[in-house]
Q: 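Below you will find the structure I want to go over with you.
We count residues from 1, following the sequence as given.
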Amino acid sequence: VIVQVTELIYRHEGDCGSSFNESLSRIANSLQVTANGLSLLLVLIEAQLRPFITEADDAGDLRDLSVVQALRDCDGGVREALKFVVRMNAQALIKFGHFIVGDVSKLYTHEPIPSQANVISCEKELRRVLDAFGRLISYVSWVYAAEEGTSMDTKKFASVTVDVLNAEISHSNEDVDPFATKKDKMKKTALNKYWEQVKLEFCLRLVQNDEDFAEPLQIKVAEVLGLRKKYSHLFYH
């Protein structure tokens, strides 16, 4: 439940003028709640998994950890838990991605123009959500790899994540036209460019701070998505 992004729309029926700013405020507040929940979850996960990831002596049995037990108890096990987290991350990117990808100003063409402070607040909280999701995906991926006795740097392993991300983008019915082009109908190239940037945002958040254990996953996901060569300067290898 903690990783479920609250369903919100940008304008509620009857919204106009200042009430549109209130809609943005609701979005920022919802994202903040999600980010805070994810942060708390990560504190627990990191405290339990770090000793195993760093290969500390006498770390114990991975299966005894409450975090691992919870993941294994999910319907479909750790694999489905991973797919669920990726799905939630993808949905957050699809629904709110325009706050960090592209020109936000193109979305708000009506009068009055919404408060810049509200737009910035949405962007800030969305970044917190996506950063947390990226770290969470990395940790759950590590557990899944340990469960399967495999490496995170294989195409087969990365495809578990990539397939979910691509499926969410393919099934998305969000109207991305307003913030991708000034015209009513978006050109295919502009749409493809937008989704490319969304996928890049997803990849870059898989490795943060000292979480270099996820580098193999990040590189392989970028490769499978067709981003590694074009954006090689953004990745570690």
Q: Which residues pass the side-chain hydrogen bond (donor to acceptor under 3.5 Å, both in side chains) test with Ser66, not counting sequence neighbours?
A: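 Gln48.
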Q: Could you tell me which residues satisfy side-chain hydrogen bond (donor to acceptor under 3.5 Å, both in side chains) with Asn36, sequence neighbours excluded, listed by chain and number?
A: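 Partners of Asn36 under the side-chain hydrogen bond (donor to acceptor under 3.5 Å, both in side chains) test: Arg128.
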Q: Excluding sequence neighbours, so at least two apart, what forms side-chain contact (heavy atoms from CB on, under 4.5 Å) with Asp163?
A: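 side-chain contact (heavy atoms from CB on, under 4.5 Å) list for Asp163, sorted by chain: Ser159.
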Q: Would Tyr139 and Phe213 count as a close aromatic pair, with their ring centres under 6.0 Å?
A: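 Close enough - the centres of the two rings lie under 6.0 Å apart.
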Q: Under the side chain to side chain contact (heavy atoms under 4.5 Å, CB included) test against Val86, which residue among Val221, Val140, Val164 passes?
A: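 With Val86 as partner, side chain to side chain contact (heavy atoms under 4.5 Å, CB included) holds for just one option, Val164.
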Q: Could I get the full list of side-chain hydrogen bond (donor to acceptor under 3.5 Å, both in side chains) partners for Glu148, not counting sequence neighbours?
A: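 With neighbours one apart ignored, the set is empty.
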Q: Is it true that a side-chain atom of Ser30 and a backbone atom of Arg26 form a donor plus acceptor pair closer than 3.5 Å?
A: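 It does not hold such a pair.
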Q: Checking the side chain of Thr150 only, and the main-chain atoms of Ala146 only, is there a donor and an acceptor separated by less than 3.5 Å?
A: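 Here the side-chain-to-backbone pair does not exist.
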Q: Measure from the side-chain N and O atoms of Ser121 to the backbone N and O of Ala117, and report whether any donor-acceptor pair falls under 3.5 Å.
A: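 No, because the side chain of Ser121 does not come within donor-acceptor range (under 3.5 Å) of the backbone of Ala117.
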Q: So, does Gln197 use its side chain to make a donor-acceptor pair with the main chain of Val101 at under 3.5 Å?
A: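 Absent.
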Q: Suppose the criterion is ring-ring contact (aromatic ring centres under 6.0 Å, His included): which pairs have a residue in residues 144-164, not counting sequence neighbours?
A: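 Listed once each, the pairs are Tyr144-Phe157.
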Q: Looking at Lys230 and Glu196, is there a salt bridge between them, counting it only when a charged N and a carboxylate O are closer than 4.0 Å?
A: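 A salt bridge links Glu196 with Lys230.
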Q: Looking at residues at least two apart in the chain, or sitting in another chain, which of them share a side-chain hydrogen bond (donor to acceptor under 3.5 Å, both in side chains) with Glu223?
A: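 Once residues adjacent in sequence are excluded, the partners of Glu223 under the side-chain hydrogen bond (donor to acceptor under 3.5 Å, both in side chains) criterion are Lys220, Arg228.
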